Amino acid sequence: MDAAALHARDRALAAFERRWDAPGTLVASAPGRVNLIGEHVDYNDGIVLPIALEERCWFVAGARTSASATPGATPGMAPGIEVLAVDLGEHAEIASGASPETPWARLLDEVRIGVCEHLGVSLGGWHVAFSSDVPRGGGLSSSAAVEVAWATLILGLLEIEHGPAFDASIDPMRVAMLCRDAEHRAMGVPCGVMDQAVSVLGTRGHALRLDCRSLEWSHVPAPERLGGEVLLIDSGVRHSLASSAYAERRATCEAAAAALGVASLRDSDTERVESTPGLTEPQRACARHATSEIQRTIEAADALASGDLEAFGARMNASHDSLRDDYRVSCAEVDEIVDAARRIPEVLGARMTGGGFGGYVVALCRSADRERFIAAARDALGPDTRLSIARAGEGRRWESNSSTGS
Ligand code: GLA
């Protein structure tokens, strides 16, 4: 996406200093993601293939007492954490004993509870500000970016608070799972672990191949390393239906697995799905999507590993068709963009990405064809079409704020 738009870090630092009259001392960040393929299969024990985006959510923290003004001073232990959501212009108190009222503050509090309970410690006495460059509500995992950046900041703060002898290291996948669980509790959406996993484990220039059953993962070259280009087209549609439909689809998959006599749809295949009696039509259609998508994603990851962009693009097309016809999580506006993109000769594949019901379309072309593709897409979809290039970025990280001199 547009490099000029990447300023959430500065927004968070500036807002922190304005509000508390002192610079924040610790900075942590984590990215959003775009899933290349492997949609709605993480909660079916399947394989997913997302990339971390360059767009990130940034958190800044400083101790809550006047000691925070002194670089390197031991932070004070004033109870509670005051958080400023810079982009929303809202602030909230968390870790105060009461459950916060706003959804974003509840989410932060649940992440804090999960991480602290896991380590058997408590956290208190901090000022925190955060801001994000990840577009909200478009299926690019803006909430996973918030959760993972915050969890990363917490681990840094715990080290400061409890001293160097305290071991705040948690296995990366465990961090992702703690964040996912916090999202379940705070938002009531029974999401899988894909978004948080890539926000933790993403690596520049690579996609994450994650087996959501064994939790084994590896990095495979992203299309940009193979002479390809991943483009995002924003449909502009944000459907509120997404979370209830998400839970419904997940329940249908679980019912289908039970009817097939397996623990999860990972243990079945399209042939058995077609030939086993006793599934309702929606169960059969959902199971057909999940089993075929798992197989496609394995093939797509192999295609990337062997540098075959055409084979990858073909899997992307089949993925979209399956999500549209069998899983029924696309929508007319997204289908229209996918169809228009596929009519452009330079396009190797195009599909919806994320939970569905709007959001972004992801398309693949060769780097050499990028400008032709962009021009043709604007021709087909209108000059104001929001188009951006997605490059695979880094997972979470934290740093000291060098402007404080600490
Ligand atoms: C959302 C969820 C993920 C995943 C995708 C669909 O982004 O958070 O866990 O299920 O939808 O692939």
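Everything numeric here is computed off the predicted structure, so don't read it as measured data. In listed order, ligands and their atoms are each counted from 1.
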Open item on the list: Taking side chain to side chain donor-acceptor pair (under 3.5 Å) as the definition, give me every residue that meets it alongside T385, ordered by chain and number, with sequence neighbours left out.
Closed with: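 For T385, no residue satisfies side chain to side chain donor-acceptor pair (under 3.5 Å) once neighbours in sequence are set aside.
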
- [ ] Output every pair passing ring-ring contact (aromatic ring centres under 6.0 Å, His included) with a member in residues 298-346, not counting sequence neighbours, ordered by first then second residue.
- [x]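 Listed once each, the pairs are H40-Y327, H289-Y327.
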
Task: Any N or O of H40 closer than 3.5 Å to N or O of ligand 1 - done: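 Checking ligand 1 against H40, an N or O pair does fall under 3.5 Å apart.
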
Open item on the list: Side chain or backbone, does N35 bring an N or O within less than 3.5 Å of an N or O on ligand 1?
Closed with: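 Checking ligand 1 against N35, no N or O pair falls under 3.5 Å apart.
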
Among all protein heavy atoms, pick the one closest to [atom] and tell me residue, atom and distance.
{"atom": "atom 8 (O) of ligand 1", "value": "D195 OD2, 2.7 Å"}
{"atom": "atom 5 (C) of ligand 1", "value": "M194 CE, 3.8 Å"}
{"atom": "atom 10 (O) of ligand 1", "value": "Y246 OH, 2.6 Å"}
{"atom": "atom 9 (O) of ligand 1", "value": "D42 OD2, 2.5 Å"}

- [ ] Would you please indicate yes or no on a ring centroid separation below 6.0 angstrom for W104 and F130?
- [x]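 Close enough - the centres of the two rings lie under 6.0 Å apart.
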
Is the closest basic N to carboxylate O distance between [X] and [Y] below 4.0 Å?
{"X": "E229", "Y": "R391", "value": "yes"}
{"X": "R64", "Y": "E93", "value": "yes"}
{"X": "E293", "Y": "R288", "value": "no"}

Under a 4.0 angstrom heavy-atom cut-off, which atoms of ligand 1 come close to [X]?
{"X": "G355", "answer": "11 (O)"}
{"X": "G192", "answer": "9 (O)"}
{"X": "E39", "answer": "6 (C), 12 (O)"}

TODO: For a side-chain contact (heavy atoms from CB on, under 4.5 Å) with F59, tell me which candidate from L108, I154, T152, L157 qualifies.
DONE: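 The passing option is L108.
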
Open item on the list: Applying a heavy-atom cut-off of 4.0 Å, say which part of R33 lies close to ligand 1: side chain, backbone, both or neither.
Closed with: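 Only the side chain of R33 comes within reach of ligand 1.
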
